[in-house]
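Chain letters run A, B, ... following the sequence lines, proteins first, then strands; residues in each count from 1.
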Amino acid sequence: MIKTEELLPEVREVERIIVRFAGDSGDGMQLTGDRFTSASALFGNDLATLPEFPAEIRAPAGTLAGVSAFQVHISDHDITTPGDAPNVLVTMNPAAMMAELPRLESGGTIIVNTDAFNERNLSKAGYEANPLEDGSLDGYSVITAPMTDLTKQVCKDIGVKPRDAERSKNFFALGLVSWLFSRPTDPSLHWIREKFAGRDAVIAANEAAFKAGHAFGETAELSASRLAVRPARFEPGTYTNINGNTALSWGLVAASQKAGIPIFLGSYPITPASDILHELAKHKNFGVRTLQAEDEIAAIGAALGASYGGHLGVTTTSGPGLALKGETLGLAVSLELPLVVIDIQRGGPSTGLPTKTEAADLLMAHYGRHGEAPLPIVSANSPSDCFRAAYEAVRIAVRYRTPVILLSDGYLANGTEPWRLPSVEDLPDVSVDFASAANALNEDGEEVFWPYIRNDDLARPWAVPGTAGLMHRIGGIEKEDGTGNISYDTENHGRMVAIRDERIRKVADSYPPTIVEGDADADVVIVSWGSTWGAITSAIGRMRRAGRKAARVHLTNVYPLPNDLGDILLRYDHVIVPEMNLGQLSKILRAEYLVDAKSICKVEGQPFTAAELHHKFQEMTR
Amino acid sequence: MTEVATTTKKDWTSDQEVRWCPGCGDYSILTAMQLLMPEIGTRREDTVFVSGIGCAARFPYYMNTYGLHAIHGRSPAIATGLAMARRDLDVWVVGGDGDMLSIGGNHLIHALRRNVDLTILLFNNQIYGLTKGQYSPTSEVGKVTKSTPMGSLDTPFNPISVALGAEASFVARTHDMDRAHMQEIFRRAHDHRGAAIVEVYQNCNVFNDGAFAALTKKDARAEMLIPLEHGKPVRFGPDGERGVILDDGVARIVSVAEVGVDALHVHDETAADLSVAFALSRLADDRESPTPIGVYCAVDRLEYGGGIDAQIAAAQADRGPGDLEGLLHSLPTWEVS
């Protein structure tokens with residue numbers, strides 16, 4: 001447990017704060033934000049984060065294209081989004097000021113590294129005059145600090161060269177912000193020592209910079225008052241701060257452990273999915289096999305091959321990769337083998353916005369294969385919910401012998417939040433039963449194994465090579481119902497198409513009843529899926545606090561849709577569907593239930609803010 | 001390993017009707033395989049044939065083993081996953097020149113360089129059969145087909161050169177007119193640890209009949225096929241009167257009488273440097289010149305799945321088997337009571 005600092009008398013308590021760290025890609029803002037987040041998590045705040053970085057690894061220094069930002073929302077109560085407008089903006093250079101100032105709440109606090117505001121940087125950012133001097137920041141509360149120089153000074157005293165010292169200036173910023181928001185300092189100092197173990201000069205420089213930043217806050221007469229956010233009231237348990245891709249990876253590991261079959265991950269590096277490959281590659285002691293394949297097609301092919309062999313085949317990708325995997329997905333639908341396909345959605349089409357979020361792959365997940373090729377689709381609500389979603393995808397894949405697509409997105413992948421660790425014993429059953437015996441009689445009355453005999457779920461047996469007596473041949477050509485032999489019979493094809501459709505629809509029989517949250521007597525229901533969960537939760541909260549009744553349904557199984565959803569939707573006058581696409585779920589709901597679903601669309605590489613949703617809800621339900 | 005029961009060709013023959021065109025070279029390859037299997041001493045249930053699309057890709061349906069008839073070009077990738085996951089299995093990959101070298105070229109070269117434990121049979125008939133007669137990536141320049149009425153412009157691949165360029169650890173060539181040779185080469189390929197590829201000259205009697213006749217006809221073989229035998233001088237001809245020398249890295253056919261036996265290249269299939277094997281593969285750039293058959297190279301190199309298993313074993317030795325509770329607690333945690 002972390003010892004919390006005594007709150008000093010001049011500290012003003014607030015319920016929540018949104019801080020945005022912004023600087024050049026090389027300024028270490030992601031790390032600074034991440035450290036601030038971790039210290040807050042250990043302190044016990046609820047939080048949510050939104051990292052944003054350019055697609056270029058090293059965009060030209062000092063330019064708008066090179067601005068990297070990290071937003072964190074910390075709170076003493078339950079929150080679901082990284083927040084709308086930041087209260088505090090940390091700007092390490094003029095480009096960050098230019099790019100990020102418009103987001104800041106009016107009258108918000110700006111913390112500036114004045115050393116970076118020289119003529120050259122100002123001109124690169126497109127400033128004709130220095131905003132620190134021309135009065136354009138009037139109305140904001142501005143805290144200036146020559147962070148680079150002060151860092152160099154303290155580092156000089158301990159013998160670190162100025163060039164190396166400059167790299168530590170983000171720790172100065174972290175120290176200052178930690179002071180300003182009364183964060184405990186121990187976790188950050190501890191982290192520095194662990195992270196840079198063996199590099200004593202780096203530890204010394206970073207520690208010195210951090211302490212200098214903290215001391216600067218204590219000694220300088222700052223115009224802003226010091227703020228504190230008390231720990232949030234969480235349900236009892238053990239918590240960790242986790243991002244979506246890590247939670248998703250752990251969900252796969254957990255399901256594989258529970259199922260008793262090892263993970264085989266075939267993957268080709270692609271933003272923002274690569275971190276799942278990195279994470280799973282670390283866990284070879286769980287028997288995880290990872291293959292960095294030659295391309296997206298090989299990645300899913302190898303995963304399918306492993307599934308055929310009785311492993312848990314998984315492939316991870318983002319939109320462009322899912323497009324490439326389409327043909328193999330069709331084969332997996334035809335082979336009726338378990339396979340988990342993870343799409344961490346990003347802005348599209350084509351290369352689109354690789355580092356920005358979007359959720360416009362829903363219809364591709366539904367229909368992006370030739371022929372009638374249905375498969376279940378699962379989605380994740382929040383960073384920590386990626387654990388549940390991955391587990392659910394495995395459950396369906398294994399039980400129903402089908403490829404499953406799990407939709408997450410860039411926002412969930414990199415965003416973090418506190419997560420109450422689940423109890424391993426309480427994780428749902430995902431047991432696997434491999435076929436071991438003959439299941440039919442042939443014309444001569446002999447016991448034989450037919451690969452397309454079905455159980456009550458309409459799932460066929462998973463008969464893995466190495467099992468004596470069950471040798472069989474399967475493939476992508478249409479199969480005869482039952483025997484699985486090649487069949488070009490047209491009536492049989494019609495029957496198989498119908499069976500494949502029905503067997504996926506039956507997956508919905510395994511869902512719990514759909515949860516309708518909010519007011520039972522509302523006339524409006526907000527229907528959603530994926531990462532919009534947090535912003536919608538927050539917006540509905542505002543709406544209801546303002547006296548407007550509302551209900552909401554958030555789907556985690558996007559296909560097949562829950563059996564009770566149609567009846568639920570018909571109870572409401574207004575059905576509103578906010579989506580980070582041009583209305584894909586809404587189109588499906590209209591087609592499926594003949595309801596007048598109205599879309600709220602945002603396809604700008606950014607998640608919805610609660611404020612904009614609240615505003616839209618009000619407008620649409622007047 | 002428990003004793004493997006004795007089997008016959010019949011045990012390895014599935015109940016499916018074979019549907020290749022009458023006279024297709026694939027029949028003799030299938031027969032060679034079904035006769036070989038009882039001799040290899042492996043179990044049917046431990047044997048998997050994986051294929052893509054094309055005439056050759058129907059092969060798995062006719063073997064009474066596990067079989068996966070997948071999609072065009074992807075069989076090396078799919079088999080890679082299977083072989084990595086299940087090192088206890090014998091995984092064979094069967095495909096044609098279009099499947100393996102055109103749409104699946106990328107997967108083939110990567111399976112070879114990774115040295116995944118696969119036995120890959122590339123049936124090369126230099127034509128697209130199942131789509132009814134378009135030129136293939138191994139068709140000769142100028143080939144007139146439905147899709148190239150004025151003759152093809154594409155330089156063909158030499159499959160052996162491609163495989164060697166892809167760092168294959170076992171590369172061989174055989175042909176569909178010599179069952180004994182096929183069986184010997186298939187057996188060698190099967191026994192090899194890692195990726196083994198065998199190019200099988202195969203006749204498509206419907207769309208490209210006689211493509212290899214000048215080489216594989218019974219009365220032409222002695223004159224036209226250059227047998228590669230480990231540790232022996234490379235020579236051929238009815239009386240061994242011709243041979244192969246390496247001339248500044250280039251393989252040339254010579255008269256043994258002129259250069260003397262000692263000048264002939266002595267074949268070393270285990271040479272880790274594949275440049276000599278590559279030089280041999282360049283000997284025939286048409287279908288009318290003497291062509292080496294047999295094992296070009298058989299090099300011992302880390303087998304991919306074994307490497308992965310070793311990493312898993314090392315991780316488990318180092319950190320113990322996976323502990324889910326431990327994983328969930330591996331980032332900083334805090335308690336709320």
Heavy-atom pair with the smallest gap, counting every atom of [X] and [Y]:
{"X": "B:L324", "Y": "A:F286", "answer": "N-CE2, 3.8 Å"}
{"X": "A:E327", "Y": "B:H72", "answer": "OE2-N, 4.4 Å"}
{"X": "A:P465", "Y": "B:V48", "answer": "CB-CG2, 3.6 Å"}
{"X": "B:W334", "Y": "A:N241", "answer": "CZ3-N, 3.7 Å"}

Count the heavy-atom pairs under 4.5 Å between each of [options] and chain A, then report the option with the highest count.
{"options": "B:L89, B:I53, B:T80", "result": "B:L89"}
{"options": "B:A83, B:G305, B:S51, B:P332", "result": "B:P332"}
{"options": "B:H110, B:H107, B:R74", "result": "B:H107"}
{"options": "B:D15, B:T47, B:D323", "result": "B:D323"}
{"options": "B:D309, B:N64, B:T65", "result": "B:T65"}

- Message: Can you tell me if A:Y268 has over 12 outside heavy atoms packed within less than 6.0 Å of its OH?
- Response: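 No, because the 6.0 Å sphere around OH of A:Y268 holds 12 heavy atoms or fewer from other groups.
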
- Does a sphere of radius 6.0 Å around CZ in B:F157 hold more than 12 heavy atoms from other residues, nucleotides or ligands, not counting ones at 6.0 Å or beyond?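 Open.
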
- Message: Quick check: do B:I312 and A:H283 have side-chain heavy atoms less than 4.5 Å from each other?
- Response: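 B:I312 does not reach A:H283 side chain to side chain.
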
- Message: Between B:S330 and A:W250, is there a side-chain heavy-atom distance shorter than 4.5 Å?
- Response: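 Heavy-atom side-chain distance check passes, below 4.5 Å.
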
Can you measure from [atom1] ([X]) to [atom2] ([Y]) and round to the nearest 0.5 angstrom?
{"X": "A:L331", "Y": "B:I71", "atom1": "CG", "atom2": "CD1", "result": "5.0 Å"}
{"X": "B:D46", "Y": "A:T467", "atom1": "CG", "atom2": "OG1", "result": "9.0 Å"}
{"X": "A:T240", "Y": "B:L331", "atom1": "OG1", "atom2": "CG", "result": "4.5 Å"}
{"X": "B:T333", "Y": "A:L421", "atom1": "OG1", "atom2": "CG", "result": "7.0 Å"}
{"X": "B:W12", "Y": "A:M471", "atom1": "CH2", "atom2": "CE", "result": "8.0 Å"}
{"X": "B:H69", "Y": "A:S334", "atom1": "NE2", "atom2": "OG", "result": "11.0 Å"}

- Worked verdict on B:E335 versus A:T238 for side-chain hydrogen bond (donor to acceptor under 3.5 Å, both in side chains): CA-CA 5 Å; B:E335 300 291 333; A:T238 305; 2.9 Å; yes

Just give me the residue among [options] that pairs up with chain B most often, heavy atom to heavy atom, under 4.5 Å.
{"options": "A:T328, A:L304, A:L470, A:T246", "answer": "A:L470"}
{"options": "A:I297, A:V253, A:V288", "answer": "A:I297"}
{"options": "A:A463, A:A468, A:G44, A:P418", "answer": "A:A468"}
{"options": "A:G469, A:G475, A:G237, A:A247", "answer": "A:G237"}
{"options": "A:A254, A:S38, A:A41, A:G476", "answer": "A:A41"}
{"options": "A:H311, A:R233, A:E235", "answer": "A:H311"}

Region of [X] that comes under 4.5 Å of a non-hydrogen atom in chain B:
{"X": "A:E194", "result": "neither"}
{"X": "A:I300", "result": "neither"}
{"X": "A:W191", "result": "neither"}
{"X": "A:T290", "result": "backbone"}
{"X": "A:V464", "result": "both"}

Is there a donor-acceptor contact under 3.5 Å from the side chain of [X] to the main chain of [Y]?
{"X": "A:R473", "Y": "B:G67", "answer": "no"}
{"X": "A:N285", "Y": "B:G320", "answer": "yes"}
{"X": "A:R289", "Y": "B:M84", "answer": "yes"}

Per-residue contact mode, [X] against chain A (heavy atom under 4.5 angstrom):
{"X": "B:A70", "result": "both"}
{"X": "B:Q16", "result": "side chain"}
{"X": "B:R19", "result": "side chain"}

- Relative to the ring of B:Y66, is the ring of A:H472 parallel (under 30°), tilted (30 to 60°) or perpendicular (over 60°)?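 Perpendicular, since the angle between the ring planes exceeds 60°.
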
- Tell me, with the steps shown, if B:Y61 and A:I474 meet side-chain contact (heavy atoms from CB on, under 4.5 Å). CA-CA 8 Å; B:Y61 287 113; A:I474 53 175; over 6 Å; no

- Residue pairs fulfilling ring-ring contact (aromatic ring centres under 6.0 Å, His included) with at least one residue in residues 303-331 of chain B, sequence neighbours excluded: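 Found none.
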
- Got a sec, which residues hit side chain to side chain contact (heavy atoms under 4.5 Å, CB included) with B:H190, two or more places apart in sequence or on another chain?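 Checked B:H190 against side chain to side chain contact (heavy atoms under 4.5 Å, CB included); matches are B:I40, B:D90, B:W92.
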
- Residues forming a salt bridge (Lys or Arg N to Asp or Glu O under 4.0 Å) with A:R388, sequence neighbours excluded: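 If we apply the salt bridge (Lys or Arg N to Asp or Glu O under 4.0 Å) test to A:R388, skipping adjacent residues, the hits are A:D385.
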
- Query: Does the side-chain contact (heavy atoms from CB on, under 4.5 Å) test come out yes or no for A:K284 and B:Q316, once each step is laid out?
  - Reply: CA-CA 8 Å; A:K284 290 205 163 65; B:Q316 289 177 340; over 6 Å; no

- Task: Answer yes if the side chains of A:D295 and B:N106 hold a donor-acceptor pair under 3.5 Å, and no otherwise.
- Result: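 A:D295 vs B:N106: donor-acceptor pair found between side chains.
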
- Close contacts, residues 256-267 of chain A versus chain B, judged by heavy atoms under 4.5 Å: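 Answer by number: A:Q257, A:F264.
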
